[in-house]
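FYI, side chains are in, hydrogens and waters are out, and symmetry mates aren't considered; it's all heavy atoms of this structure.
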Amino acid sequence: MKRIYILLAVMLLTCGRILAQDAQIDSVKLERIILDSIFLAEFEKPKPDQKPKVLHAEPLYIDLIRDLGARKGEKEWNVGMGMTDKRDFDEYELLVEYEWAPIDRLGFEVEVPVTLFSKREDLPTDRTQPANRIESIKLATQWSFLVSEKAKTSLALGYIHEFEFVDLNKIGRGDLFKGNVFNPFFIAAKRWGSNYHSLIYTGPRIEKGFNQKSDFSYEIHTNLHYMIAGTRNFIGIEVNKEIHNGKLEAVMRPQMRVGLAENLMIGIVTGIPINRAQEGLSSFIRIIYEPGFKTFN
């Protein structure tokens, strides 16, 4: 009889612990839902003279010109640094960009990317190391023509124009610019619930050197992210795809973004090529600074 009482007592204690754990889990889940709702409401809430905005996760490698649904006065500095294994040499990329919104839903950007190369001792004689170069001056604009709070969806059109520089070793020997790049694009983004985000960024890229034929390619970049409740931190994946000369090339880029302060974030990206024979793994870091940004006003 004594054993039965002990067994009943153990069962009651176990059930009590299970119920307590379930209650604690439900409490934490409810707390996250409430925190996320407050954060989204504060982030998306427009001031009297502003239009509505939907929070979307922005990809870190091929980033947007400005937030979708950008509001007048928003601005942002970006500094990016990356390295790619090109099998026989290493490619280093640096960029500095500034973006701002002069009016609601219209963003502008100025960017200067730089590419440097490091030669390896075992470079084959039939391969030539590319020259170091300041790639271009990139001028871009983006207009969010649809922002639906109900559908949690934003659509945008944009255009990037690049004035391409000659290689660094040719500067001062002739022309400073070697051509132009024309890159119109379309963006569609949707938030699923409070935390899951999807985005597609697509458009043609036409490179036209002076006195040369145009080089045409088509870009399709797809993204899926999970944003941590009550923050702008996220983890996700960006898949950069390009169709060039009838061939599809793609790079998978797992990534994460972490807030260091309310207006300062860092993004970390790893690149995994899917079908690029002359390219290995890559890494990229983006530092994002938004002067004057405050989540809760």
- Should Arg71 and Ile103 count as side-chain neighbours, where that means a heavy-atom distance under 4.5 Å? no
- Item | Stepwise ring-ring contact (aromatic ring centres under 6.0 Å, His included) check, Tyr201 with Phe185 | CA-CA 7 Å; Tyr201 178 121; Phe185 60 86; 4.7 Å; yes
- Item | Side chain proximity check, Glu74 to Arg66, heavy atoms < 4.5 angstrom | yes
- Item | Val166 and Ile171, any side-chain heavy atoms less than 4.5 Å apart | yes
- Message: Please check if the number of heavy atoms outside Asn169 that lie under 6.0 Å from its CG is greater than 12.
- Response: yes
- Full working for side chain to side chain contact (heavy atoms under 4.5 Å, CB included) between Phe163 and Leu139: CA-CA 8 Å; Phe163 299 94; Leu139 304 178; 3.9 Å; yes
- Message: Would a single hydrophobic cluster contain both Ile220 and Phe186, if residues Ile, Leu, Val, Met, Phe, Trp and Tyr are joined by side-chain heavy-atom contacts under 4.5 Å?
- Response: no
- Query: Looking only at heavy atoms, what is the nearest atom pair of Gly280 and Thr84, with distance?
  - Reply: O-CG2, 4.5 Å
- Taking only residues two or more places apart in sequence, or in another chain, which ones meet Arg286 in a salt bridge (charged side-chain N to carboxylate O under 4.0 Å, His left out)? Asp63, Glu97
- Item | Side chain proximity check, Thr270 to Phe284, heavy atoms < 4.5 angstrom | no
- Message: Quick one about Glu76 and Asn78 (side-chain donor to acceptor, distance below 3.5 Å, no hydrogens or angles considered), yes or no?
- Response: yes
- Note on the structure: Tested for side chain to side chain contact (heavy atoms under 4.5 Å, CB included) against Arg253, the lone hit among Ser282, Pro59, Ser283 is Ser282
- Task: Determine, using the 4.5 Å side-chain heavy-atom cutoff (strictly less than), whether Tyr61 and Leu281 are members of one ILVMFWY cluster.
- Result: no
- If two hydrophobic side chains count as joined below 4.5 Å and joins carry through other members, does Ile272 share a cluster with Ile268? no
- Task: Test side-chain hydrogen bond (donor to acceptor under 3.5 Å, both in side chains) on Glu93 and Thr115 and set out the steps.
- Result: CA-CA 5 Å; Glu93 56 182 316; Thr115 305; over 6 Å; no
- Query: Distance from Tyr92 atom OH to Leu116 atom CG, nearest 0.5 Å?
  - Reply: 9.5 Å
- Query: Taking C-beta and beyond as the side chain, do Thr222 and Ile200 meet within less than 4.5 Å on heavy atoms?
  - Reply: yes
- Note on the structure: Here the gap from Met252 atom CE to Ile274 atom CD1, rounded to the nearest 0.5 Å, amounts to 5.5 Å
- Task: Mark yes or no for whether Asn195, through its side chain, and Tyr226, through its backbone, hold a donor-acceptor pair below 3.5 Å.
- Result: no
- Check whether the side chains of Thr202 and Tyr218 place a donor and an acceptor atom closer than 3.5 Å, and report yes or no. yes
- Nearest heavy-atom pair of Val147 and Gly69: which atoms, and what distance? CG2-CA, 3.9 Å
- Item | Phe117 and Asp90, any side-chain heavy atoms less than 4.5 Å apart | no
- Kindly work out whether a path of hydrophobic side-chain contacts (I/L/V/M/F/W/Y, heavy atoms less than 4.5 Å apart) joins Met81 to Ile266. yes
- Query: Can you name the one residue among Glu262, Glu290, Glu58 that meets salt bridge (charged side-chain N to carboxylate O under 4.0 Å, His left out) with Arg232?
  - Reply: Glu290
- Apply side-chain hydrogen bond (donor to acceptor under 3.5 Å, both in side chains) to Asp167 and list each qualifying residue two or more places apart in sequence or on a separate chain. none
- Looking only at heavy atoms, which two atoms of Arg133 and Leu168 are closest? And how far apart? CA-CG, 3.7 Å
- Message: For the CD atom of Glu279 and the CD atom of Glu91, what is their distance to the nearest 0.5 Å?
- Response: 7.5 Å
- Task: To the nearest 0.5 angstrom, please state how far the CG atom of Leu199 sits from the CD1 atom of Ile62.
- Result: 12.0 Å
- Message: I need the minimum non-hydrogen distance between Leu248 and Lys241, along with the two atoms involved.
- Response: CD1-CB, 3.9 Å
- Query: Between Glu164 and Lys208, is there a side-chain N and carboxylate O pair less than 4.0 Å apart?
  - Reply: no
- Do you know which two heavy atoms are closest between Arg105 and Pro52, and how far apart they sit? NH2-O, 3.3 Å
- Could you give all pairs that pass the side chain to side chain donor-acceptor pair (under 3.5 Å) test and reach residues 174-185, with sequence neighbours left out? His161-Asn180
- Message: Is it true that Glu238 and His225 share a donor-acceptor pair across their side chains at a distance under 3.5 Å?
- Response: no
- Task: Take Arg257 and Ile235 through the side chain to side chain contact (heavy atoms under 4.5 Å, CB included) test and state the conclusion after the steps.
- Result: CA-CA 7 Å; Arg257 186 176 71 184; Ile235 57 174; over 6 Å; no
- With sequence neighbours excluded, tell me which residues meet side-chain hydrogen bond (donor to acceptor under 3.5 Å, both in side chains) with Asp215. His244
- Does Ile228 reach the side chain of Phe234, with side-chain heavy atoms less than 4.5 Å apart? no
- Message: Please list all pairs meeting side chain to side chain donor-acceptor pair (under 3.5 Å) that have one or both residues in residues 137-156, counting only residues at least two apart or in different chains.
- Response: His56-Ser154
- Give the cluster check for Val110 versus Tyr289: same hydrophobic cluster or not, with ILVMFWY residues linked at side-chain heavy-atom distances below 4.5 Å. yes
- Message: Which residues pass the ring pair (Phe, Tyr, Trp, His ring centres under 6.0 Å) test with Tyr98, not counting sequence neighbours?
- Response: Trp77, Trp100
- Show your reasoning for whether side chain to side chain contact (heavy atoms under 4.5 Å, CB included) applies to Leu224 and His197. CA-CA 6 Å; Leu224 181 63; His197 301 250; over 6 Å; no
- Closest non-hydrogen atom pair, Ala140 against Ile160: CB-CG1, 3.7 Å
- Query: Is there a side chain to side chain contact (heavy atoms under 4.5 Å, CB included) between Asn240 and Glu242 once you walk through the steps?
  - Reply: CA-CA 7 Å; Asn240 303 132; Glu242 180 181 281; over 6 Å; no
- Query: Within a strict 4.5 Å, meaning less than it, do heavy atoms of the Ser118 and Phe89 side chains meet?
  - Reply: no
- Message: Checking Arg205 against Glu162 for the salt bridge (charged side-chain N to carboxylate O under 4.0 Å, His left out) test, could you report, in this order, the C-alpha distance in whole Å, the side-chain angles of both residues, the deciding distance, and whether it holds?
- Response: CA-CA 11 Å; Arg205 176 184 168 89; Glu162 297 185 51; 3.1 Å; yes
- Query: So how far is it from Leu68 CG to Arg191 CZ, rounded to the nearest 0.5 Å?
  - Reply: 12.0 Å
- Distance from His221 atom NE2 to Asn223 atom CG, nearest 0.5 Å? 9.0 Å
